[in-house]
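Keep in mind it's a predicted model, so treat the numbers as computed, not measured.
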Amino acid sequence: HLPNIEVPLCPRNRLNSSWHGLYKAIRGDDITVKSYRVESRITSRFCHTTVKSSVVNSGPNAQSIGFNVQIPKRAFITNFTMNVNGIMFVGSVKEKTVARNLYAQARARGKAAGLVRYRTDMETFKTEVHVPPGSKIEFELHYQEMMQRKLGFYEHSLYLQPGRLVPQFQVDVYIYEPNGIASVETPNTLGEHFSGMAKLTSSKDKAHVVFKPSLQQQRKCENCTTSAIDGIFTVKYDVLRDSNAGELHVSDGHFVHFFAPANLSPLPKNIVFVIDVSGSMWGVKMKQTVEAMQTILDDLTMDDYFSIVDFNHNVRCWSEELVQGSTIQVAEAKKYIQNIKPNGGTNINEALMRAVQMLVKASNQGMIDPRSVSMIMLVSDGDPTVGEIKLSAIQKNVKKVMREEFSLFSLGIGFDVDYDFLERIAMENRGVAQRIYTSHDASDQIRRFYSQVSSPLLRKITVQFPEDSVSDVTQNHFDKYFSGSELVVAGKVLPSESTTLNSFTTAFADRLDLSLQTEADYLELDAALAQQQHAFTGFARQMWAYITVNQLLAERSLAPTAGKKRKITQRILNLAVEHQFVTPLTALLVESEEAKERLLADSPRDPKQGCCAGIVHSLPPWVRMTTPAPPSHAERPLPDHITIVENDPHFIVHLPKNNMDVCFNIDSEPGHILNLVSDPGAGVVVNGQLVGSKRVEEKEKVNTYFGTISVFYQPDGIRVSVTTDRIDLTDGMNNHSFTWGATADITQDRVKVSIVKDSKVMVTVDDKITVMVLLHRVWKKHPTHVDFLGLYIPNNNQYSSQAHGLIGQFGQEPEVRVFNLHQGADPLKKEATMEVKGNKLVVTRGWQKDYRRDKKRGSDVFCWFIHNSGKGFIDGHYTNYIVPRLDSFLPLPL
């Protein structure tokens, strides 16, 4: 006898709505839940979750048993199986029409049906099984999702509502991040009852969280028979990032590029807040919106410009023009918001038109910084009732007037608003939408959303790959990057003789033009995954499909013609069936082993239900999907003969007119800053700060090396500071930081910085003066040696006549004569007399190293060595070149 079974996937509005737990005896309450296990495997931000459970009908009568599992809205169900009294039901994802036809055959025999319905944030997979007494049922549900980074964390949520005590209750979350895990935490979102019960173990690249409350620990009170487990179990984590160029992972013939730069100064914002003050906003909604706006307005800075538009049947502007986010203006705006009294209808169309006009006017008048981010933030709780009320017409009107550099973000409060419309209008105008639930924390929800978009760091980001190296690339051009988020690009790797894949990212930051490069080995990650017990080995293939399907669903909702929509639909169907994703266009067909019993998990045709929640950066029509050839990383080669400072520190000054190299050492103290080039005429200063070797014994001499090289360009106020850890660009107001972990090209005004990964930095000022800094890494456990920097400066730098410094003074080459060559104290080194600057010096023939071509052994540079820290060759004494700060010019005369 086959059981009667239903497999619906139903809408879920709030966590505390009418579903009363994971298991529900539909008729009768005598069921025993033997076990409930949840396992999530997160690998490189992609998660595969399995929910397994075993239930027995322990009552005297046949009854229907319900099994409910809440899953995140952005997840795709990939499979569901059941074992009912030994009869196995196995799921498979099929094109909806195919699944319905197969299902109809079963339906004709009076078998049961199921539905999938999509809502905003979560959905509930609900199975009903009518079984005789003593029956044993085992359920297994699988779903997949990509972790989204928000406010600096990935957050994995599992909805736990067993509704009863479970003898074997266990949740395991396994995380594997190849580049390393920066932090993992398990916030106590289930309440004080379970404080400290989640156990965390972690290493450099792995973490395991287990939540395994005993039967007694699950009880609401000591003698209670009800479970206290009712809520969301959360794991938050972030990964280690060794460079701003991002992470490139290659696995299983696919690649994923993660881009989440930090240490960049925020771009200025121009923001118009458009707030619904119609009658439906009266009470708690308005109170919470006002509370949120008070905090949001406080976040504005003097670099930001803003205004407020509030609307009911009429539209009002707090200020007809954008105003600076000064303390006085913010206080006035907060007072205005506080006094709003909701009433009347809803005229969304005119309010949005007014907001766009405000941004256009500011742009036309030159008020808007070309690198700033202009956005409209709409907060509404209902559909339009006044003016233009046709949603498609409003969408068209807004699209027509919005400029490409403007974005629209929509917040829908409650469930009376047409959220699908808010999502479409935001997506079409380079923004995102979010539903705000009318609960006690609505103001926090609004603030959290604003926090995600309040700190834009980059504009016009493009990720490219070498020609013929990749195919089927997902969205690779993004209008904006916000601090704490992440941009993700995926694709297929084409067969190649090369063993590495390169990616090239270009973007605009505040006063900076960036070009970043990173690479990944084709085989390295797969070899590492094979060694991991709990890794999800197919993550790259599934993540590519997940992103592609979500982007196609977004593109389909904006398709301009029926023909275009059909083509997109077919692509979605092919991918969803191949990768076994339940989407609005596919269905999950669950069959018994002999296909005698069929169940269908389906999705509605009603467009109001919307479709799967897309990832943050969905695919609007303005996106370029091509992957043109990336820019070649070309740098101006330095000449063979050059002025060098290496090791502890040895100066090698090349004198081209004399065709001679002259060497000297500077014997100074750790912490001292030496001026190398000081050119007030060109506005350029190059200084180096010394670090000491590790001291072994108290009386032993400490060698000094350059640990920091600074290039300061006074006309633009820009300083490039190179250390053995990172490269900083500062301009007085902003600081941008880059690691040695990636190749990058950065341009700010007239200063260009080229970083070659773990190797060197080239700084060019005004196309006239170039400085190259070479990185020397040593064994971390070496008893005395430390990491240090080498300095290489070409003689063709175009200094002014005012140039000086330990190196800069030789821009005006002195007359040098070497004579009286004779045998020195060291038979291998000859000595001579040098006549320079009116001085006669005893010099020794020797050699130093140039490490540009061979960083380990270097190449020999033969030179005349001057003793006593260059005395007589340099102007004055070396101590005259010690300056107080890294941006200090050399005071003259010496």
Side-chain angles (χ1 to χ4, degrees), residues 241 243-246 257-271 301 303-305 359 362-363 366-375 402-407 429-431 452-465 475-489 503-518 616-617 620 622-624 626-634 713 716-718 720 727-739 742-755 763-764:
R241 293 175 179 82
S243 82
N244 274 346
H257 183 275
F258 302 99
F259 185 63
N263 301 316
L264 297 169
S265 293
L267 296 164
K269 299 186 295 294
N270 315 294
I271 183 165
T301 71
D303 292 330
D304 300 325
Y305 286 81
L359 290 175
S363 181
M367 284 177 59
I368 289 180
D369 183 331
R371 292 197 180 227
S372 64
V373 170
S374 298
M375 60 179 82
M402 282 283 278
R403 291 189 177 177
E404 191 179 303
E405 64 267 27
F406 301 164
S407 294
N429 294 287
R430 295 158 295 281
Q452 291 170 37
V453 300
S454 65
S455 190
L457 298 184
L458 296 174
R459 293 273 325 267
K460 307 293 182 189
I461 307 101
T462 302
V463 183
Q464 299 169 300
F465 303 87
Q475 178 184 348
N476 69 322
H477 176 81
F478 305 88
D479 189 63
K480 299 174 188 68
Y481 166 74
F482 295 98
S483 178
S485 67
E486 184 169 62
L487 304 181
V488 183
V489 179
S503 73
F504 303 85
T505 304
T506 56
F508 299 124
D510 186 26
R511 294 182 65 191
L512 292 185
D513 296 344
L514 301 180
S515 177
L516 308 163
Q517 180 183 337
T518 191
V616 170
H617 301 281
W622 68 86
V623 169
R624 290 182 288 127
T626 55
T627 57
S632 60
H633 184 81
Y713 185 44
D716 291 348
I718 297 170
V720 181
I727 301 95
D728 291 328
L729 274 80
T730 56
D731 58 17
M733 292 188 298
N734 302 310
N735 182 66
H736 308 279
S737 190
F738 301 85
T739 71
T743 295
D745 287 304
I746 305 119
T747 303
Q748 180 166 354
D749 300 334
R750 287 174 286 182
V751 177
K752 296 177 183 175
V753 181
S754 293
I755 305 168
V763 181
T764 303

Q: What pairs with His257 under side-chain hydrogen bond (donor to acceptor under 3.5 Å, both in side chains), at least two apart in sequence or on another chain?
A: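 His257 satisfies side-chain hydrogen bond (donor to acceptor under 3.5 Å, both in side chains) with Ser503 once adjacent residues are dropped.
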
Q: Take Lys460 and Asp513 through the test salt bridge (charged side-chain N to carboxylate O under 4.0 Å, His left out) and record every step on the way to the result.
A: CA-CA 10 Å; Lys460 307 293 182 189; Asp513 296 344; over 6 Å; no

Q: Atom CG in Leu359, atom OH in Tyr305: separation rounded to 0.5 Å?
A: 14.0 Å

Q: Rounded to the nearest 0.5 Å, what separates atom CE in Met402 from atom CZ in Arg430?
A: 5.5 Å

Q: Give, for atom OH of Tyr481 and atom CG of Leu264, the distance between the pair rounded to the nearest 0.5 Å.
A: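 Tyr481 OH to Leu264 CG: 8.5 Å, rounded to 0.5 Å.
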
Q: Of all the heavy-atom pairs spanning Gln517 and Ala742, show the shortest one and how long it is.
A: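 Scanning both residues, the minimum pair turns out to be O-CB, 3.5 Å.
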
Q: Tell me, do Leu729 and Leu512 make a side-chain contact under 4.5 Å, heavy atoms counted?
A: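 The answer is yes; the side chains approach within 4.5 Å.
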
Q: Answer with yes or no whether the side chains of Lys480 and Ser407 bring together a donor and an acceptor at under 3.5 Å.
A: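 Result is yes, a qualifying pair exists.
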
Q: State, yes or no, whether a side-chain contact exists between Gln452 and Ser485 at a heavy-atom distance under 4.5 Å.
A: no

Q: May I ask you to test the Ile461-Leu487 pair for a side-chain heavy-atom distance under 4.5 Å?
A: yes

Q: Let me confirm one number: the CD1-CZ distance from Ile271 to Phe406, rounded to the nearest 0.5 Å.
A: 13.0 Å

Q: Find the distance between OG1 (Thr743) and CZ (Phe504) and round it off to the nearest 0.5 Å.
A: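 That separation rounds to 8.5 Å.
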
Q: Flag the pair Ile746 / Ile755 as yes when at least one side-chain heavy-atom distance between them is below 4.5 Å, and no otherwise.
A: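 Yes, side chains in contact.
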
Q: Can a side-chain donor-acceptor contact be found between Ser372 and Asn270 if the only test is distance below 3.5 angstrom?
A: yes

Q: Step by step, work out the side chain to side chain contact (heavy atoms under 4.5 Å, CB included) result for Val489 and Phe465.
A: CA-CA 11 Å; Val489 179; Phe465 303 87; 4.2 Å; yes

Q: Just checking, any donor-acceptor pair under 3.5 angstrom between side chains of Asn735 and Thr730?
A: no

Q: Only one of Leu514, Thr764, Val720 forms a side chain to side chain contact (heavy atoms under 4.5 Å, CB included) with Val753, so which one is it?
A: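 Of the listed residues Leu514, Thr764, Val720, the side chain to side chain contact (heavy atoms under 4.5 Å, CB included) partner of Val753 is Val720.
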
Q: Over all heavy atoms of both residues, which pair between Asp745 and Ser754 is shortest? Give the atoms and the distance, please.
A: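 Result for this residue pair: OD1-OG, 2.6 Å.
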
Q: Working note: Gln748 + Asp731, criterion side-chain hydrogen bond (donor to acceptor under 3.5 Å, both in side chains); need CA distance, chi angles, decisive distance, verdict.
A: CA-CA 9 Å; Gln748 180 166 354; Asp731 58 17; 2.9 Å; yes

Q: Do Phe478 and Val488 have side chains that approach each other closer than 4.5 Å (heavy atoms only, starting at C-beta)?
A: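 Of all side-chain heavy-atom pairs linking Val488 with Phe478, none is under 4.5 Å.
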
Q: For Ser265 and Asn734, work out which heavy atoms get closest and say how close.
A: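 Looking at all heavy atoms of both residues, the closest pair is OG-CB, 2.8 Å.
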
Q: Test Arg511 against Asp749 for salt bridge (charged side-chain N to carboxylate O under 4.0 Å, His left out), laying out the working first.
A: CA-CA 7 Å; Arg511 294 182 65 191; Asp749 300 334; 2.2 Å; yes

Q: Using every non-hydrogen atom in the two residues, find where Ser515 and Thr506 come nearest and quote the distance to one decimal.
A: OG-CG2, 4.2 Å

Q: Identify the two heavy atoms, one from Ser737 and one from Asp728, that lie closest to each other, and give their separation to 0.1 Å.
A: OG-OD1, 2.7 Å

Q: Once side-chain hydrogen bond (donor to acceptor under 3.5 Å, both in side chains) is applied, do any residues pair with Ser483, and if so which ones, sequence neighbours excluded?
A: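 By the side-chain hydrogen bond (donor to acceptor under 3.5 Å, both in side chains) rule, Ser483 matches no residue at all.
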
Q: Indicate yes or no: at least one non-hydrogen side-chain atom of Asp479 is less than 4.5 angstrom from one of Glu404.
A: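 No, too far: nothing below the 4.5 Å cut-off.
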
Q: Treating Arg459 as the side-chain partner and Ala509 as the backbone partner, does any N or O pair qualify as donor plus acceptor under 3.5 Å?
A: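 The answer is no, because no donor-acceptor pair under 3.5 Å joins these two groups.
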
Q: State, with a plain yes or no, whether a side-chain heavy atom of Phe259 is found less than 4.5 Å away from one of Asn244.
A: no

Q: For Asp716, which residues count as a salt bridge (charged side-chain N to carboxylate O under 4.0 Å, His left out) partner, sequence neighbours excluded?
A: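 Salt bridge (charged side-chain N to carboxylate O under 4.0 Å, His left out) list for Asp716, sorted by chain: Arg750.
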
Q: Please examine the side chains of Asp510 and Pro268, heavy atoms only from C-beta on, and report whether any two atoms are closer than 4.5 Å.
A: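 Contact flag for Pro268/Asp510 side chains = yes.
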
Q: Taking atom OG1 of Thr518 and atom CZ of Phe258, what is their separation to the nearest 0.5 Å?
A: 12.5 Å

Q: Apply salt bridge (charged side-chain N to carboxylate O under 4.0 Å, His left out) to residues Glu486 and Arg241 and explain how you reach the verdict.
A: CA-CA 12 Å; Glu486 184 169 62; Arg241 293 175 179 82; 3.5 Å; yes

Q: Any idea which heavy atoms bring Val373 and Pro456 closest together, and the distance?
A: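 Minimum heavy-atom separation between Val373 and Pro456: CG2-CB, 3.6 Å.
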
Q: For the NZ atom on Lys269, are there more than 12 heavy atoms of other groups (residues, nucleotides or ligands in this structure) within a distance under 6.0 Å?
A: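 Yes.
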
